[in-house]
Q: 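Take this structure first; my questions come after.
Computed from a predicted model, the values in this text were never measured in an experiment. Quick note on labels: first sequence line is chain A, next is B, and so on, each numbered from 1.
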Amino acid sequence: GENVEQHPSTLSVQEGDSAVIKCTYSDSASNYFPWYKQELGKGPQLIIDIRSNVGEKKDQRIAVTLNKTAKHFSLHITETQPEDSAVYFCAASPSGNTPLVFGKGTRLSVIA
Amino acid sequence: NAGVTQTPKFQVLKTGQSMTLQCAQDMNHEYMSWYRQDPGMGLRLIHYSVGAGITDQGEVPNGYNVSRSTTEDFPLRLLSAAPSQTSVYFCASSYERVTEAFFGQGTRLTVV
């Protein structure tokens, strides 16, 4: 089955700096790659997603890149702010009916 | 629009007790899933459903049962609670398998 690896597990950046979180996946048939943000005490919430026919997608300070050949995708957050502090999960949709498979998460801390 | 509603938010069980975690969505989504979140383990899939009357096992199904008698509801049953089932449980729903998954607020379960 699909296996999603996420790195790093923790990340601290200064306010205003950029943050990058990387994920790899194993199922070459996976075609949908969302990123979720989880704030303390809440459920994960979608922040951006990308499909396999697209190499890059941006939404204001957030961008995601996908390299299908290498089977890896990354989340880029620019001009980080304290409210970006949260746990971020990458995910991939494997072949068949199975729902999303998630990485183990990255705890991002933005230091003011 | 309530989205995905989970009840209860918190629960303490004694070893061997049974209980049902409730999940309801009002978005007419076909796909529903249950995940458990443990420190350092990310979100692991317990059971999922691709529509009313259809359920299947995920990565960690042992000790849990589900049913899907209606599109709206997807309860998760713990048959005989064990300390290893202490976790935060999230229900999620999506219109299709490769579209945005909406998560509930979670149920924090402690088994003593």
Side-chain angles (χ1 to χ4, degrees), chain A residues 1-10 21-27 29-54 57 59 64 66 73 86-107, chain B residues 2-7 9-10 21 23-25 27 29-51 53-61 66 68 74 87-108:
Chain A
E2 176 68 281
N3 183 46
V4 177
E5 299 283 342
Q6 182 172 347
H7 299 281
S9 57
T10 60
I21 303 171
K22 298 182 179 182
C23 289
T24 61
Y25 62 98
S26 60
D27 186 348
S30 290
N31 59 4
Y32 176 64
F33 307 92
W35 286 87
Y36 285 81
K37 176 182 181 182
Q38 184 181 29
E39 297 178 340
L40 194 63
K42 297 185 178 180
Q45 190 167 9
L46 180 74
I47 55 171
I48 195 168
D49 57 12
I50 192 168
R51 298 186 184 274
S52 58
N53 58 348
V54 176
K57 184 177 178 181
D59 183 3
V64 57
L66 172 64
F73 56 113
V87 178
Y88 293 81
F89 291 98
C90 63
S93 66
S95 54
N97 278 332
T98 310
L100 295 172
V101 177
F102 286 84
K104 293 184 177 180
T106 297
R107 182 174 298 278
Chain B
V4 179
T5 302
Q6 287 184 237
T7 55
K9 288 187 170 56
F10 301 93
L21 279 63
C23 176
Q25 52 93 7
M27 297 172 282
H29 286 170
E30 291 294 331
Y31 279 80
M32 295 187 75
S33 311
W34 277 102
Y35 292 87
R36 59 177 288 174
Q37 184 175 22
D38 302 292
M41 299 297 290
L43 294 157
R44 293 184 292 169
L45 182 67
I46 305 171
H47 285 285
Y48 65 99
S49 169
V50 301
I54 307 170
T55 63
D56 207 345
Q57 297 180 351
E59 179 186 356
V60 288
V66 292
R68 184 93 180 273
F74 190 44
S87 187
V88 181
Y89 292 85
F90 287 100
C91 177
S93 75
S94 61
Y95 180 67
E96 293 179 343
R97 191 176 67 88
V98 290
T99 56
E100 178 179 1
F102 293 83
F103 283 81
Q105 291 292 298
T107 295
R108 182 174 293 275

Q: Counting N and O atoms only, with roles assigned by atom type, does the side chain of Y89(B) sit under 3.5 Å from a partner on the main chain of Q6(B), one being a donor and the other an acceptor?
A: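 Checking the backbone N and O of Q6(B) against the side chain of Y89(B), no donor-acceptor pair under 3.5 Å is found.
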Q: Which bit of R107(A) comes within less than 4.5 Å of chain B, counting heavy atoms only: side chain, backbone, both or neither?
A: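 Neither the backbone nor the side chain of R107(A) comes within 4.5 Å of chain B.
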Q: Evaluate whether atom NZ of K37(A) has more than 12 neighbouring non-hydrogen atoms of other residues, nucleotides or ligands under 6.0 angstrom away.
A: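 Enclosed: over 12 neighbouring heavy atoms sit under 6.0 Å from NZ of K37(A).
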Q: With only heavy atoms counted, which part of L43(B) is less than 4.5 Å from chain A, the side chain, the backbone, both or neither?
A: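 Both parts, backbone and side chain.
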Q: Has R108(B) got a side-chain atom pairing as donor or acceptor with G41(A)'s backbone, closer than 3.5 angstrom?
A: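 Such a contact is absent between R108(B) side chain and G41(A) backbone.
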Q: With a 4.5 angstrom heavy-atom cut-off, which part of S9(A) approaches chain B: side chain, backbone, both or neither?
A: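 Neither part; nothing is under 4.5 Å.
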Q: By a 4.5 Å heavy-atom criterion (distance strictly below it), what part of N97(A) contacts chain B: side chain, backbone, both, or neither?
A: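 It is both, since atoms from each part get that close.
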Q: Do S30(A) side-chain atoms and S93(A) backbone N/O form a donor-acceptor pair below 3.5 Å?
A: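 Checked: pair present.
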Q: Regarding K57(A) and D59(A), does a basic nitrogen lie under 4.0 Å from an acidic carboxylate oxygen?
A: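 No.
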Q: Given a strict heavy-atom distance threshold of 4.5 Å, which part of S94(B) is in contact with chain A: side chain, backbone, both, or neither?
A: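 Neither part.
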Q: Quick one: CD on E59(B) to CZ on F102(A), what's the gap to the nearest 0.5 Å?
A: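 With rounding to 0.5 Å, CD (E59(B)) is 12.0 Å from CZ (F102(A)).
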Q: Got a second to check how far C23(B)'s SG is from R68(B)'s CZ, nearest 0.5 Å?
A: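 Those atoms lie 9.0 Å apart.
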Q: Please flag which part of Q38(A) lies under 4.5 Å from any non-hydrogen atom of chain B: side chain, backbone, both or neither.
A: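 Contact with chain B involves the side chain of Q38(A) alone.
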Q: Side chain, backbone, both or neither: which part of F33(A) has a non-hydrogen atom closer than 4.5 Å to chain B?
A: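 Neither part.
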Q: What part of Q37(B) lies closer than 4.5 angstrom to a heavy atom of chain A: side chain, backbone, both or neither?
A: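 For Q37(B), the contact with chain A is made by the side chain alone.
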Q: Looking at G104(B), S33(B), G106(B), A101(B), which makes the most heavy-atom pairs under 4.5 Å with chain A?
A: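 Heavy-atom pair counts peak at A101(B).
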Q: What part of P34(A) lies closer than 4.5 angstrom to a heavy atom of chain B: side chain, backbone, both or neither?
A: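 The answer is neither part of P34(A).
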Q: If I measure from the heavy atoms of chain A, does V50(B) come under 4.5 Å with its side chain, its backbone, both, or neither?
A: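 Looking at V50(B), just its side chain touches chain A.
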Q: Between F103(B) and Y35(B), what is the ring plane arrangement, given parallel below 30°, perpendicular above 60°, and tilted in between?
A: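 It falls in the tilted class, 30° to 60°.
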Q: Looking at G105(A), G103(A), P99(A), which makes the most heavy-atom pairs under 4.5 Å with chain B?
A: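 Ranked by contacts with chain B, first place is P99(A).
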